[in-house]
There are 2 protein chains.
Amino acid sequence: MLSKKTKYGIKALTYIAKVSDKNPVQIAVISKEENISHKFLESILLTLKKAGILGAKKGKGGGYYLLRSASDVMMSEVIRQLEGPIAMVPCVSLNFYEKCDDCPDEDKCTVHKLMLEVRDSTLGVLKNKSLAQLVSETN
Amino acid sequence: MLSKKTKYGIKALTYIAKVSDKNPVQIAVISKEENISHKFLESILLTLKKAGILGAKKGKGGGYYLLRSASDVMMSEVIRQLEGPIAMVPCVSLNFYEKCDDCPDEDKCTVHKLMLEVRDSTLGVLKNKSLAQLVSETN
DNA sequence: TATAAACCCTATCGGAATAATAGGGAAACA
DNA sequence: TGTTTCCCTATTATTCCGATAGGGTTTATA
């Protein structure tokens with residue numbers, strides 16, 4: 001299940017990508033337009049800033065803006081930053097690998113094998129989908 | 001993230017499919033061989049029984065057995081029974097659809113659009129993968 | 001330089017879901 | 001008749017999520 005954090009994060013990025021002619025967008029505006037709790041959204045945008053996806057400008061007239069072109073922001077990166085691993089099981093995660101407690105041999109584990117295929121399939125979608133594409137497709 | 005319930009369920013099915021020459025397999029055996037809590041496994045197998053995937057035989061020499069051929073047990077069905085929806089967001093779920101509270105128009109929602117593609121991709125894997133295939137691939 | 005707008009950071013909390021445990025009941029076979 | 005094994009319900013411990021609270025810091029601008 002996708003967390004609301006990730007869901008809101010993608011919505012916010014979408015909003016910024018649509019509106020922004022490089023002008024910062026304020027939390028309050030996104031919060032209102034997308035029906036997201038102000039404070040919660042604040043923490044999400046902060047995460048995206050630390051991840052190097054968004055930049056922020058303080059003070060009056062400030063807000064958040066895309067640090068790169070929307071076509072350089074891939075969904076795989078966004079989801080990894082907000083949600084964590086894309087894999088459904090740590091033992092098949094590329095960026096968050098962890099061995100299972102049970103399961104003496106991964107190569108003989110059917111769950112491992114199955115989830116590996118699911119991960120590859122999912123990654124195939126997310127890795128090739130940029131924010132720019134997503135926005136233009138959905139308009 | 002895949003729950004342990006689902007993970008254990010798939011492992012148990014695998015075990016039964018491998019071992020069974022139509023003889024019932026006891027919870028205690030699977031529990032020991034696959035390092036799964038006995039009582040927890042019990043509830044999982046019960047779920048699979050109610051789902052029409054496993055049959056059970058009581059009394060001495062009893063246990064659980066596959067109700068159909070392993071090639072007729074698709075992973076999509078197993079996961080839906082144990083985990084619930086395959087989609088990462090209720091608004092793109094085929095079997096567990098639910099509208100989002102926020103989001104006035106699904107067609108214009110980038111999250112909806114993205115998760116639709118992920119679901120289709122995942123389903124493509126799970127729908128075409130039978131228990132029999134999985135077992136033979138992993139041996 | 002004062003002020004207000006806006007981002008930045010930490011802590012906390014309630015509720016839901018998960019993983020596991022406990023204890024007994026009912027059926028089937030020897 | 002007694003043992004094995006599945007069947008069912010309830011409870012608990014833990015973790016995570018979503019949200020809230022409250023204040024701090026920076027910056028533009030009047």
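Numbers restart at 1 for each chain; the letters A, B, ... are given by sequence-line order, proteins then strands.
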For nucleotides 22-26 of chain D, give me every protein contact, N/O to N/O, under 3.5 Å, one pair per line with atom names.
residue: D/dG22; atom: N7; partner: A/Lys39; partner atom: NZ; Å: 3.4
residue: D/dG22; atom: O6; partner: A/Lys39; partner atom: NZ; Å: 2.3

Run the side chain to side chain contact (heavy atoms under 4.5 Å, CB included) test against B/Ala28 and tell me which residues pass, sequence neighbours left out. B/His38
Report which part of the nucleic acid A/Ile27 touches: base, sugar-phosphate, or nothing (heavy-atom distance under 4.0 Å, all strands). sugar-phosphate
Pairs touching residues 29-43 of chain A that satisfy salt bridge (charged side-chain N to carboxylate O under 4.0 Å, His left out), sequence neighbours left out: A/Lys39-A/Glu42
Pairing residues for B/Lys4 by the side chain to side chain contact (heavy atoms under 4.5 Å, CB included) criterion, not counting sequence neighbours: B/Tyr8, B/Phe40
Among residues 77-98 of chain A, which residues get a heavy atom nearer than 4.0 Å to DNA chain D? none
On DNA chain C, more 5' by nearest nucleotide between A/Lys57 and A/Ser43 is A/Lys57
Using atom CG of B/Leu41 as one end and atom C1' of D/dC7 as the other, report the distance to the nearest whole Å. 14 Å
Counting only side-chain heavy atoms from C-beta out, which of D/dG18, D/dA19, D/dC8 sits nearest to A/Tyr8? D/dA19
What's the CZ-C1' distance between A/Phe40 and D/dC17, to the nearest Å? 7 Å
Given atom CE of B/Met1 and atom P of D/dC16, what is their separation to the nearest angstrom? 9 Å
Between B/Lys4 and A/Val25, whichever has its closest DNA chain C nucleotide further toward 5' is A/Val25
Separation of B/Lys60 atom NZ from D/dT5 atom C1', in whole Å? 11 Å
Would you mind reading off the distance between B/Leu46 atom CG and D/dC7 atom P, rounded to a whole angstrom? 6 Å
Under 4.5 Å between side-chain heavy atoms, chaining through other members, with only Ile, Leu, Val, Met, Phe, Trp and Tyr counted: pull out the rest of the cluster around B/Leu67, sorted by chain and number. B/Tyr65
Return each pair, listed once, that meets salt bridge (charged side-chain N to carboxylate O under 4.0 Å, His left out) where at least one residue sits in residues 43-53 of chain A; pairs must be two or more places apart or across chains. none
Main-chain N/O of A/Ser121 paired with B/Ser121 side-chain donor or acceptor, under 3.5 Å: yes
Value in whole Å for how far the P atom of D/dG18 lies from CD1 of A/Ile36: 12 Å
Going by salt bridge (charged side-chain N to carboxylate O under 4.0 Å, His left out), name the pairs with one or both residues in residues 58-72 of chain A, residues two or more places apart or in two chains. A/Arg68-A/Glu77
The side-chain hydrogen bond (donor to acceptor under 3.5 Å, both in side chains) partners of B/Ser37 (sequence neighbours excluded) come to none
Using whole Å, report how far NE2 of A/His38 lies from P of D/dA21. 13 Å
Tracing side-chain links under 4.5 Å among I, L, V, M, F, W and Y, which residues wind up in one group with B/Met74? none
Which nucleotide span of DNA chain C, 5' end to 3' end, has atoms closer than 4.0 Å to non-hydrogen atoms of chain B? C/dA19 to C/dC29
Going by the side chain to side chain contact (heavy atoms under 4.5 Å, CB included) test, name the single residue among B/Lys129, B/Gln133, B/Lys127 that passes it with B/Met75. B/Lys129
In short, side-chain hydrogen bond (donor to acceptor under 3.5 Å, both in side chains) pairs touching residues 86-113 of chain B with sequence neighbours left out are A/Lys7-B/Asp102, A/Lys11-B/Asp102, A/Thr14-B/Thr110, B/Tyr97-B/Glu106
